Amino acid sequence: MSTVAPFLSHLNPSQRRAVEHFCGPLLVVAGAGSGKTRALTYRVANLIRYHHVDPANILAVTFTNKAAKEMKERIERLFSQQVAEDEYGKPLSALPEREQVQLRSRVYKTYVKDLWVGTFHALCARILRFDIDKYKDDRGNTWTKQFSIFDESDAQTLVKSIVTGDLNLDSKTFEPRSVRYAISNAKNRGLSPEEFQQDQPNYRGRVIADVYGRYITKLAENNALDFDDLLLIPVRLFQQNESILGYWHHRFRHVLVDEYQDTNRTQYDLIRLLVTNGEPARTYGNWNQRSAFVVGDVDQSIYSFRAADFTILMEFQHDFGDGLDDKETQTLVKLEENYRSTENILQMANALIQNNSQRIDKVLRPTRGTGESIICHRADDEIAEAQYVVGQIRAMEQEHPDLNWRDFAILYRTNAQSRAFEEVLVQWAVPYSVVGGLRFYDRKEVKDILAYLRMVVNPCDTVSLLRIINTPRRGIGKTTIDRLVNAAQELNLPLWEVLVDEGLVKTYGGRSARGLTTFAQQLQQWQAVADDLPASALVQRVMEESGYVQDLISQGTDEADDRRKNLDELRNAALQFEDENEDAGLLTFLGSASLASDADSKDDLSNRVSLMTLHSSKGLEFPVVFLVGLEQGLFPNYRSMDDPAALEEERRLCYVGITRAQEQLFITHANARRLWGSREPAVPSLFLNELPQELVLGQLPHAGRRQRPPAPSRSAASSATRSPKTRPPARPAAPPHNWQVGEKVLHRAFGVGQITHVFGSGDKQSIAVRFPGSIGQKVLDPKLAPLDRLP
DNA sequence: TGAGCGCGGGTTTTT
DNA sequence: CCCGCGCTCA
């Protein structure tokens, strides 16, 4: 037991350094396909097995629920093999079936069950189920453990009710989506409504600040949290309550974070608080029996739109680490050997990413053969592109007996692009599955039933109540609902309290009073039994007793039939959840439903071609990858083209796509593309110019280098009035300047800002500048950005 | 109170 | 081109 665990022998020296790391901070810079998941998994196993760390003292943060599940499974497998060898002297597979099952279940209980592995959101939700009742925000709002988690559409519904209902404003000028986005941004920057308002010079900004304040109050009235709160509230709670922080700090002695390049400030704050018990990171020295182990790759940072900030990773060495340079440091390991892709694919990836200025110096070193050339294909339009891709897939599948449908992936920039591919795949009867798009839990019928369940757990959840009060129809119309809502407002009660008060219902309910009372009684019955029934049983009862299923049956359409099947799926999901989780109450089931993504529910077992966005493809690999739609304005997306930092993110996205491929990579683009019905000419992506021709079979296009994309134009009129835009005259070469942190600069678009970071040097230099208000931090290339120095 | 129709807007990526 | 919302009419 105290010998080095044999599984360490499968590792290369760098991986081994990472895996054997015990106490203190460590940054693992892990290139694509370098075995970082393996390093994480093995390290957890090594901590438990070799260093005798209690699994309950380990916290591992993953980027998706699926990754969390996989990590737990891998750890279980690893231990099962070990234990089989230790106790029986033979591999697990050599044991009788029954003993295998017993052994695995024992391993699960001993080593895996008490580990905390999950996404930031899932872990925070779990912490809050313990401690949220001890939290009070600065306006005195409180929540209970039964809180609902509002997804993006719930949050927008709330925003909309504030804009159109409370403030009586036009929901077109104040689109719920963009208002919600602004609020989310403010939250992610840690601004209260008051602080946010100070930054807002104009009417619109002040209105948004007003909505923001009301939004917080309404969330609290609903006993609900949005995705941002899930992260923010633990941070604030830890800051205001030493003993709670102390508990979790003590509990999680070993903190591991995957995809560290995609953490945002709040997530960083959370990690720092947990690791240092609130002390500053730089001076923290008490690493006895404690570690912070983060893994990431700046080149794969693709979530800045969600406030992710890869400078957090770049600062790790100064922050937690010893800050020494790469040769001497003890707090940095680089994994550069790539085990996934052929050399040609890696060379292509390396060549592309070298065009970025903000990086940690790193290459992908091949360990496999040269492989096939990359194939570049130009199609006439998006239909021809799809036909080409599907044709290739069919041909390859026929020719190579070892290639299955599941070995192919089609990766695109935007979800909308899937359509053409789906049509052609259907035409040729090729099985496929689209990852992303509409989540299972976002289907109307599923959301409806979940709303019932949320009301059972958390009766203050008025957003859910309003969703189901007349679904299925029970004769409760808009006027009635308005009267009830007004009554609730005047009495300063949750809507639910009005509904269960028979006197009030008689006063305000009018002709619908009867329906209302029955509805309220039904909910109360479920509430009474909720604690004694498993989630699946409650799903079943609600589906039937609410009349929802009956309503679908009486509709008798194919669509209603589909919906009914989806509800059966929902019950199955609850059953499966009960199987997989110890504490599978209704509360935790609802939590997992709110935080599930579409990718989580996909089974890898089915043999299908995968279609997904580049974002969804992160962390996956496929023998054959089709990277499609490489056109200016589409990829890189037109919204990124004016901002050098955003363009670099698009390039990283392309890099992620390329590095998904193991054996063969296809890159396609079209001459023209249908956009909302009209056919628009397309220009090849500038990324195509950055790829080395010698690796490519077929001619890389040369156009596009200096062209702006055709801006997506809604009408002929707008495209006619669009001035033939020429590029701004090249700026005269500015004298080289040694930028300093703290310097003030004037940007033509963003105004005055202050430099917060300087990256790289000489030609490859870039700077991070913080601008006031909603602009926030921008990373700029001083050679390109319209910048002037200010004294 | 509910059904049907017409208009207008949307496509960047997601926990 | 497709979907959702809001308006109008029965």
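In the text below, chain A, chain B and the rest are named by the order of the sequence lines, each starting its count at 1. Because the structure is a prediction, the values reported are computed rather than measured.
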Please produce a list of atom pairs where a protein N or O lies less than 3.5 Å from an N or O of nucleotides 6-9 of chain C.
from: dG6(C); atom 1: OP1; to: K160(A); atom 2: NZ; distance (Å): 3.3

Residues passing the side-chain hydrogen bond (donor to acceptor under 3.5 Å, both in side chains) test with K160(A), sequence neighbours excluded, are none
For nucleotides 13-15 of chain B, which of its nitrogen or oxygen atoms have a protein nitrogen or oxygen under 3.5 Å away, and what is each distance?
from: dT13(B); atom 1: OP1; to: N415(A); atom 2: N; distance (Å): 2.9
from: dT13(B); atom 1: OP1; to: N415(A); atom 2: ND2; distance (Å): 2.9
from: dT13(B); atom 1: O4'; to: R413(A); atom 2: NH1; distance (Å): 3.4
from: dT13(B); atom 1: O2; to: R413(A); atom 2: NH2; distance (Å): 3.3
from: dT13(B); atom 1: O2; to: H615(A); atom 2: NE2; distance (Å): 3.3
from: dT14(B); atom 1: OP1; to: T613(A); atom 2: OG1; distance (Å): 3.2
from: dT14(B); atom 1: OP1; to: S616(A); atom 2: OG; distance (Å): 3.1
from: dT15(B); atom 1: OP1; to: S597(A); atom 2: OG; distance (Å): 3.2
from: dT15(B); atom 1: O4'; to: R306(A); atom 2: NH1; distance (Å): 3.4
from: dT15(B); atom 1: O2; to: H121(A); atom 2: NE2; distance (Å): 3.1

Between T479(A) and N637(A), name the one whose nearest nucleotide on DNA chain B is closer to the 5' end. T479(A)
F130(A) six-ring centre to K145(A) NZ/CZ under 6.0 Å and within 45° of normal: no
K36(A): partners by salt bridge (Lys or Arg N to Asp or Glu O under 4.0 Å), with sequence neighbours left out: D258(A), E259(A)
Kindly write out the residues that satisfy salt bridge (Lys or Arg N to Asp or Glu O under 4.0 Å) with E422(A), not counting sequence neighbours, or none if the list is empty. none
Expressed in angstrom and rounded to an integer, what is the separation of Y638(A) atom OH from dG10(B) atom P? 10 Å
Sequence neighbours left out, what passes ring-ring contact (aromatic ring centres under 6.0 Å, His included) with Y432(A)? Give chain and number order. none
Quick one: list whatever passes salt bridge (Lys or Arg N to Asp or Glu O under 4.0 Å) with D448(A), sequence neighbours left out. K444(A), R467(A)
State which residues pass ring-ring contact (aromatic ring centres under 6.0 Å, His included) with F252(A); sequence neighbours excluded, sorted by chain then number. W116(A), W248(A)
When you check the phosphate oxygens OP1 and OP2 of dT11(B), does a side-chain N or O of R177(A) lie under 4.0 Å from one of them? yes
Who are the side-chain contact (heavy atoms from CB on, under 4.5 Å) partners of D380(A), not counting sequence neighbours? A384(A), N671(A), R679(A)
Please determine if a side-chain N or O atom of R419(A) lies less than 4.0 Å away from the OP1 or OP2 oxygen of dC2(C). yes
Residues passing the ring-ring contact (aromatic ring centres under 6.0 Å, His included) test with Y215(A), sequence neighbours excluded, are none
Give S418(A) one of three labels, base, sugar-phosphate or nothing, depending on what nucleic acid heavy atoms sit under 4.0 Å from its own. nothing
Those residues that, when tested against H121(A), pass ring-ring contact (aromatic ring centres under 6.0 Å, His included) (two or more places apart): F227(A)
Using a cutoff of under 3.5 Å, can you pull out all pairs of nitrogen or oxygen atoms linking the protein to nucleotides 2-7 of chain B, with atom names and distances?
from: dA3(B); atom 1: OP2; to: R473(A); atom 2: NH1; distance (Å): 3.3

For the aromatic rings, using the six-membered ring if either is Trp, is the centroid distance between F635(A) and H669(A) under 6.0 Å? no
How many whole angstroms separate atom CZ of R673(A) from atom P of dC1(C)? 18 Å
